[in-house]
Amino acid sequence: MKSLVSKKTASMLTLFAALVISSGSALADINVGVILSLTGSGASLGLPENDAVKLWPTEIAGQKLNVVVMNDSTDASNAARSASKLISEDKVDIIVGSSLTPPSLAILEIAAQNSTPMITLAGGSAIVEPVTGSRTWAFKLSPPERYAVGRFLSHMQTTKKRTVGVIAIATAYGEGFIKELERSAGKYGVKVLNIERYNPTDQTVTGQITKIAAARPDAVYIISAGTAGALPQIELNRRGYRGVVYQTQGVANNDFLRVGGKDVEGTYVTVAPVLVAEQLPEEDPIRKPAMEFIKLFEGKYGPGSRSLFAASAWDAYLLLREAAGKALKTAQPGTPAFRQALRDELEQTKNLHAAEAIYSFNEKDHNGVDERSQVLVRIENGKWKLVK
């Protein structure tokens, strides 16, 4: 009888131990919430980003990786609701997203209130600058406006273009570029003649383009994101404008080329080097990781499917992998301590070579890239050609 009790007790202890191990394993899963603009005006960014997320491995540092993807429909309110759900219901350790600046700013407030780090895929520096308050929880991959603006102004200076007209989307993304242009134009001997704005959902920009064309600038700078960036350029061509047109990397995708067609031929665009990786010099430090990403992405989705927005989503994974491997040494996923450790380790990332840039963050810089993160390309025959 005593032996039977002993065996039964031992069996129960074994079962209990198995349950504890099983429970501990589940608690060790790393949960990531991804919020993207899969519909709406930002879909041409969000869809390729989602394709890249599908390529993320299922483990990080030996821990299972659970990924929940939500669509914000290019709407800030939807983005905020998605962030709240991911944190309260899905218990995520970190949020990646969104595709555009306005939804990312909405996510930022929710994430910071819940001490949850976020990696935005959007371009507006307002998400991470200055690194105070809620912004201490946010990290950004897209380069700051000064590198893109500097590239195009330098090209204007070299080609002896002296005046520029501007049309920008009326969002934090557009305003960030406008402020940088106003701050930097004089250093390159360039005069800003006029600045017009439009909403990403507007169906016409005839009034704004009429004013810009009337000023007869040497160049026009279009600050936009997604296919909405084609609208001003199509209107410029209708008005017979023959000057140079520059755009930001917010439009650098195949959908923009499709929608713009012949109207965007000859456009200069500042972009991440990954878009023209094969055209980079062999010694360029970004060439190798960019080519590795292209091989992976185009191997899955076909030749020519590469996207700098997809590359951003891949770089987010590389940063997460680096930070999580170190954070796991001090805390377990699913805890406030782990979220804090993730934030701290992201901030200490140094010299990480990735598909779009080389990242080095610190307590005053949550963007972490330098001028190598942008190159100038020209659209020729519907393709991106590096301007050397």
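Positions are given from 1 along the sequence. If you're wondering where the values come from, they're calculated on a predicted model, not measured in any experiment.
Side-chain contact of Ser312 with Glu356: a donor-acceptor pair under 3.5 Å is present, judged by distance alone. The closest side-chain donor-acceptor pair between Gln340 and Asp344 falls under 3.5 angstrom. For the residue pair Thr270 / Tyr147, no side-chain donor-acceptor distance below 3.5 Å is found, with atom types taken as modelled. A donor-acceptor pair shorter than 3.5 Å cannot be found between the side chains of Asn351 and Ser360. Side-chain atoms of Ser82 and Asp72 form no donor-acceptor pair, as typed in the model, at a separation below 3.5 Å. Side-chain contact, Asn31 with Lys91: no donor N or O sits under 3.5 Å from an acceptor N or O. Checking Gln233 against Gln247 by side-chain atom types alone, a donor-acceptor pair falls below 3.5 Å.
Relative orientation of the Phe293 and Trp314 rings is tilted, given thresholds of 30° and 60° on the angle between their planes. Taking the six-membered ring where tryptophan is involved, the planes of Phe177 and Tyr173 are tilted, since the angle between them lies from 30° to 60°.
The side chain to side chain contact (heavy atoms under 4.5 Å, CB included) test with Ile95 singles out one residue from Leu108, Ile87, Val34, and that residue is Ile87.
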- Item | Glu175/Arg197 under salt bridge (charged side-chain N to carboxylate O under 4.0 Å, His left out): CA gap, chis, key distance, verdict | CA-CA 9 Å; Glu175 293 306 314; Arg197 294 171 175 81; 2.7 Å; yes
- Task: In sequence, state the C-alpha distance, the side-chain angles, and the governing distance for His155 and Tyr246, and then conclude on ring-ring contact (aromatic ring centres under 6.0 Å, His included).
- Result: CA-CA 10 Å; His155 186 260; Tyr246 295 91; 5.7 Å; yes
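A donor-acceptor contact shorter than 3.5 Å is absent between the side chain of Thr136 and the backbone of Val131. Between the side chain of Asn367 and the backbone N or O of Val128, no donor-acceptor pair lies under 3.5 Å. Although no hydrogens or angles enter the test, the distance criterion places a donor-acceptor pair under 3.5 Å between the side chain of Glu265 and the main chain of Gly382. Judged purely by atom type and a 3.5 angstrom limit, Tyr301 uses its side chain to pair as donor or acceptor with the backbone of Asp51. No donor-acceptor pair under 3.5 Å is formed between the side chain of Asp90 and the backbone N or O of Val92. Panel note: side chain Glu49, backbone Leu36; no donor-acceptor pair is recorded below 3.5 Å. The backbone N or O of Ala313 lies less than 3.5 Å from a partner atom in the side chain of Trp56, making a donor-acceptor pair.
Pairing each heavy atom of Ala83 with each of Ile107, the nearest pair is CB-CG2, 4.2 Å.
Classification of Arg183 and Glu180 as a salt-bridged pair holds, one side-chain N sitting under 4.0 Å from a carboxylate O. Between Glu145 and Lys179, none of the side-chain N atoms (NZ, or NE/NH1/NH2) sits under 4.0 Å from a carboxylate O, so this pair counts as no salt bridge.
Stacking of Arg378 on the aromatic ring of Tyr268 is recorded, both the 6.0 Å distance cut-off and the 45° axial limit being met.
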